[in-house]
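Everything on this sheet refers to the single structure shown next.
Counting starts at 1 for both ligands and their atoms, following the listed order.
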Amino acid sequence: MKLLENIKNKKHSIGPFSKSSDPSIIECIGLAGFDFVIIDLEHGPNSIETAQNLVRAALVHNLTPIIRVGENNESLISKALDIGAQGVQVPQINNEKDAQQVVDAAKFSPLGNRGVCRYVRAAGFSSKDKKEYFKESNNNTLVIIHIEGKKGLENIDSILKVEGIDIIFIGPYDLSQSMGVPGETNHPKVVDAMKKVVKKATHYNKVVGTFVETPADLKMWKDLAVRYLSYKVDVGIFYNACSNIYRELERI
Ligand code: 3PY
Ligand code: MG
């Protein structure tokens, strides 16, 4: 699992969000060399059934499939992991209780209280050894939480103390909205708040992630030791490619 290996080796990882419903797009992302893909079930049209095939497509090319669920909900988190996502990403975490709820839903006992079913893809539809499945799943499942609101910022210290969270993901868009400058992800007060989270999370030994849309921003956050770098969205990348090609062809 590429992302987990990189984290263990203190290396950064880069991957886009995906809102496409076609497994071929996920394969292209993997073939291009990205480390992970965030299959988005918060925004965009995809359902859990579609996501299962997108997860399969990612694994064909050693691309780590992460699922962003729609909300902090036990059933959504366990379904995402049951279909074989190697990590779950949960939006709008505002306090310690929210963060603990994510860990409880994502990890089996003794780390949490994830609902148990072996007849799912993650457990090889019951072909995996019972004990091994629980152990392997607890060791290898990445738990990623979004800090993307004023409340999350206020409670950052207690959130960071929750055990079992692997990555703190700062959502610049929702954060900009909650700070009164919607969409201005490069506004100094947003960037300042983000930098404070990076500093605190690094102090608590957590990996930090964020979403960027330009190589320059990726470099800025990478230089600040942000190691889970989510770069753009597949449909946006495709739109840019189409629009550049069309502009070039039109000039002929
Ligand atoms: C945000 O920016 O709010 C996200 O969730 C990721 O783009
Ligand atoms: Mg968000």
Which atoms of ligand 1 have any heavy atom of [X] under 4.0 Å away?
{"X": "E148", "result": "1 (C), 3 (O), 4 (C), 5 (O)"}
{"X": "P172", "result": "1 (C), 2 (O)"}
{"X": "H146", "result": "5 (O)"}
{"X": "D174", "result": "1 (C), 2 (O), 3 (O)"}
{"X": "R68", "result": "4 (C), 5 (O), 6 (C)"}

Q. To the nearest 0.1 Å, how far is atom 2 (O) of ligand 1 from its closest protein heavy atom, and which atom is that?
A.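 Answer, as residue, atom name and distance: Y173 N, 2.7 Å.
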
Q.
How about NZ on K151, more than 12 heavy atoms from neighbouring residues, nucleotides or ligands closer than 6.0 Å, or not?
A.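 No, because the 6.0 Å sphere around NZ of K151 holds 12 heavy atoms or fewer from other groups.
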
Q) Got a sec: does the NZ of K200 have more than 12 other heavy atoms crowding it under 6.0 Å? A)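 Not more than 12 within 6.0 Å, no.
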
Q: Classify the side-chain pair D22/S20 by whether it contains a donor and acceptor separated by less than 3.5 Å.
A: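 On atom types as modelled, these side chains do not qualify, holding no pair under 3.5 Å.
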
**Q.** Between Y204 and D157, a side-chain donor and acceptor under 3.5 Å
**A.**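 Indeed, the side chains of Y204 and D157 share at least one donor-acceptor pair under 3.5 Å.
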
Q: Looking only at distances, please establish whether an N/O atom of ligand 1 is found under 3.5 Å from an N/O atom of L175.
A: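 No; the residue has no nitrogen or oxygen that sits under 3.5 Å from a nitrogen or oxygen of the ligand.
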
Q) Do any N/O atoms on E42 end up under 3.5 angstrom from N/O atoms on ligand 1? A)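 For ligand 1, there is no N or O atom that lies under 3.5 Å from one belonging to E42.
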
Q | N, O or S atom within E148 nearest to the Mg ion (ligand 2), by name | A |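 For E148, the N, O or S atom at the smallest distance from the Mg ion (ligand 2) is OE1.
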
Q.
As a test of reading the structure, name the N/O/S atom of D174 that is nearest the Mg ion (ligand 2).
A.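 The Mg ion (ligand 2) is closest to the D174 atom OD2, counting only N, O or S.
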
(Q) Using the side-chain contact (heavy atoms from CB on, under 4.5 Å) definition, which of the options V69, I145, N73 pairs with V102? (A)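 It is I145; the other options fail the test.
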
Q. Just by modelled atom types, is the M179 backbone N or O under 3.5 Å from a matching donor or acceptor in the K189 side chain?
A.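 Such a contact is found between K189 side chain and M179 backbone.
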
Q | I38 vs S230 side-chain heavy atoms within contact, under 4.5 Å | A |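 The answer is yes; the side chains approach within 4.5 Å.
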
